[in-house]
K.L.:
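The structure that follows is given in the form of structure tokens.
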Amino acid sequence: MSIKIPFLSKQSKETDSLSADNIPDHVAIIMDGNGRWAQKRGLPRFAGHKEGVSTVNKIVKTAVGANVKVLTLYAFSTENWKRPKQEVDYILKLPKEFLHVYLPSLMENNVRIETIGDFHALPNNTQEAVNYAKEKTKNNDGLILNFALNYGSRYEILKAVKQIAMDLKEENLDIDHLDEDTFSKHLYTDGVSDPDLLIRTGGEYRLSNFMLWQMAYTEFWFTDKLWPEFTEETFCEALLAYQQRKRRYGGI
Ligand code: IPE
Ligand code: IPE
Ligand code: MG
């Protein structure tokens with residue numbers, strides 16, 4: 001059965017061929033290429049980040065329409081602190097701006113906001129805006145929109161190892177009971193299934209410290225399109241590519 005995605009301005013050959021029964025539950029996106037998008041137009045880098053926010057809105061709507069259950073967006077990595085302070089400050093203000101403009105439509109679309117990452121290192125007003133949105137959307141049972149903010153996978157894994165070491169030391173955990181599920185419960189993604197599909201825009205073919213544990217069997221899809229020029233149709237193209245993959249998990 002093919003799927004009709006509401007909100008799409010026009011149905012394309014990608015959306016027409018999409019099947020409703022094999023939509024990935026969890027899509028993760030490395031939203032890359034904002035800076036280059038701006039530079040190509042002779043604009044300052046922040047203009048690319050600003051434009052990228054409109055792409056987020058479009059893709060969230062498409063994900064809702066396609067019945068994706070979880071959309072995880074890599075918005076700021078633990079390594080992004082290396083950038084000039086002005087750029088870091090600008091990027092870290094965007095969650096508040098995004099929520100200010102789009103929270104009403106997120107509510108209308110039954111979207112629940114979540115985050116992964118070291119939240120407490122974020123500026124106070126970013127934390128407040130995100131906490132407000134989490135609280136406001138907590139009873140929504142549609143798409144989970146999960147922002148990776150100040151997220152680093154190695155830090156996340158190390159944090160889990162430290163918590164587990166503490167549990168073992170305090171005899172709250174028996175080493176024979178430590179398995180993959182128990183380990184996963186100590187990650188930020190506890191309770192969320194592993195990504196089925198990873199999309200990276202901007203033409204780079206790397207993970208940049210994103211969900212290393214969780215992506216053991218994720219399908220990867222890359223595009224040269226820069227994040228501000230990523231469209232609903234490109235998103236559907238990725239979903240279609242996913243539907244043509246054969247996932248074997250080591251079997252035959
Ligand atoms: C991705 O775009 C956004 C963040 C990392 C926050 P970039 O800012 O990395 O854009 P490029 O890769 O420099 O073009
Ligand atoms: C990855 O993009 C991080 C985010 C999109 C938030 P980067 O632009 O930081 O990745 P590298 O530095 O090219 O690996
Ligand atoms: Mg980049």
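On a predicted model such as this, the values are computed, not experimentally measured, just so you know. Whatever order the structure lists them in is the order used to number ligands and atoms, beginning at 1.
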K.L.:
What is the nearest protein non-hydrogen atom to atom 10 (O) of ligand 1, stated with its residue, atom name and distance?
P.N.:
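For atom 10 (O) of ligand 1, the nearest protein heavy atom is Gly35 N, 2.9 Å.
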K.L.:
At what distance is the nearest protein heavy atom to atom 1 (C) of ligand 1, and which residue and atom is it?
P.N.:
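Checked against all protein heavy atoms, atom 1 (C) of ligand 1 sits closest to Met31 O, 3.0 Å.
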K.L.:
Less than 4.0 angstrom from a charged side-chain N to a carboxylate O is my criterion; do Glu229 and Lys225 meet it?
P.N.:
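No.
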K.L.:
Can a cation-pi geometry be assigned to Lys159 and Tyr188, taking NZ or CZ under 6.0 Å from the six-membered ring centre and within 45° of the ring axis?
P.N.:
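Output yes; distance and angle both within limits.
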K.L.:
Counting only heavy atoms closer than 4.0 Å, does ligand 1 sit against the backbone of Arg83, its side chain, both, or neither?
P.N.:
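The part of Arg83 near ligand 1 is the side chain, not the backbone.
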K.L.:
Return yes when at least one N/O/S atom of Glu204 is nearer than 2.8 Å to the Mg ion (ligand 3), and no when none is.
P.N.:
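Here the distance criterion (N, O or S atom, under 2.8 Å) is not met by Glu204, so no.
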K.L.:
Between Phe147 and Phe98, what is the ring plane arrangement, given parallel below 30°, perpendicular above 60°, and tilted in between?
P.N.:
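It falls in the perpendicular class, over 60°.
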K.L.:
Please list, in number order, the atoms of ligand 1 under 4.0 Å from a heavy atom of Ile91.
P.N.:
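Contacts of ligand 1 toward Ile91, numbered from 1: 6 (C).
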K.L.:
Return yes or no for this condition: an N or O of Trp37 is under 3.5 Å from an N or O of ligand 1.
P.N.:
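By distance alone, the answer is no.
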K.L.:
Counting heavy atoms only, which part of Gln39 comes closer than 4.0 Å to ligand 1: side chain, backbone, both or neither?
P.N.:
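It is neither part, as no heavy atom is under 4.0 Å.
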K.L.:
What distance do Thr137 atom OG1 and Asn110 atom CG have between them, rounded to the nearest 0.5 Å?
P.N.:
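With rounding to 0.5 Å, OG1 (Thr137) is 9.5 Å from CG (Asn110).
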K.L.:
Distance under 4.0 Å to a non-hydrogen atom of His49: what atoms of ligand 1 satisfy this?
P.N.:
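Every atom of ligand 1 under 4.0 Å from some heavy atom of His49: 3 (C), 8 (O).
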K.L.:
Once you restrict to heavy atoms under 4.0 Å, what part of Glu204 touches ligand 2? Side chain, backbone, both or neither.
P.N.:
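For Glu204, no heavy atom sits under 4.0 Å from ligand 2.
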K.L.:
Should the proximity of Asp32 to ligand 1, defined as any heavy atom under 4.0 Å, be assigned to the side chain, the backbone, both, or neither?
P.N.:
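The answer is both, backbone and side chain.
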K.L.:
Please state which protein non-hydrogen atom is closest to atom 12 (O) of ligand 2 and give its distance, to 0.1 Å?
P.N.:
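The closest one turns out to be Arg206 NH2, 4.6 Å.
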K.L.:
Does even one non-hydrogen atom of Arg200 get within less than 4.0 Å of ligand 2?
P.N.:
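Flag set, Arg200 near ligand 2.
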K.L.:
How are the rings of Phe46 and Tyr90 set relative to one another: parallel (under 30°), tilted (30 to 60°) or perpendicular (over 60°)?
P.N.:
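Tilted.
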K.L.:
First locate atom CG of Asn131, then atom NZ of Lys136, and finally report the distance between them rounded to the nearest 0.5 Å.
P.N.:
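Rounded to the nearest 0.5 Å, the CG-NZ separation comes to 15.0 Å.
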K.L.:
List every atom of ligand 1 that sits less than 4.0 Å from any heavy atom of Arg36, numbering the atoms from 1 in the order shown and giving each element.
P.N.:
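Per the distance check, 11 (P), 12 (O), 14 (O).
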K.L.:
Should Asn80 be counted as touching ligand 1, given the test is an N or O pair under 3.5 Å?
P.N.:
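For ligand 1, there is no N or O atom that lies under 3.5 Å from one belonging to Asn80.
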K.L.:
Gly202: heavy atom below 4.0 Å from ligand 1, yes or no?
P.N.:
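No, Gly202 has no heavy atom closer than 4.0 Å to ligand 1.
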K.L.:
For atom 11 (P) of ligand 2, which candidate among Gly152, Ser208, Ala75 holds the nearest heavy atom?
P.N.:
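That would be Ser208.
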K.L.:
Is it possible for you to check whether Lys134 lies under 6.0 Å from the centre of the six-membered ring of Phe119, through NZ or CZ, and within 45° of that ring's axis?
P.N.:
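Yes; both conditions hold, so Lys134 lies above the ring face of Phe119.
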K.L.:
Taking Asp89 first and then Lys85, would you say they form a salt bridge - that is, a charged N and a carboxylate O separated by under 4.0 Å?
P.N.:
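Yes.
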K.L.:
Could you identify the N, O or S atom of Asp32 positioned closest to the Mg ion (ligand 3)?
P.N.:
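Atom name returned: OD1.
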K.L.:
Are the charged groups of Arg36 and Glu204 less than 4.0 angstrom apart, N to O?
P.N.:
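Yes, Arg36 and Glu204 are salt-bridged.
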K.L.:
Is any side-chain N of the basic residue among Arg112 and Asp141 closer than 4.0 Å to the acidic one's carboxylate O?
P.N.:
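Not counted as a salt bridge, because no side-chain N and carboxylate O are separated by less than 4.0 Å.
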K.L.:
What part of Phe76 sits under 4.0 Å from ligand 2 if we count only heavy atoms: the side chain, the backbone, both or neither?
P.N.:
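Answer for Phe76: backbone.
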K.L.:
Should you measure from each heavy atom of Arg45, which atoms of ligand 1 turn up under 4.0 Å away?
P.N.:
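In order of number, 7 (P), 8 (O), 10 (O), 13 (O).
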K.L.:
Say whether, by atom type as modelled, one donor and one acceptor occur between the side chain of Thr218 and the main chain of Leu198 under 3.5 angstrom.
P.N.:
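Not confirmed, Thr218 side chain does not pair with Leu198 backbone.
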K.L.:
Using a strict cut-off of 4.0 Å, indicate which atoms of ligand 2 neighbour a heavy atom of Ile30.
P.N.:
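Those atoms are 1 (C), 5 (C).
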K.L.:
Just how far is it from atom CZ of Arg154 to atom OG1 of Thr78, taken to the nearest 0.5 Å?
P.N.:
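OG1 of Thr78 is found 10.0 Å from CZ of Arg154.
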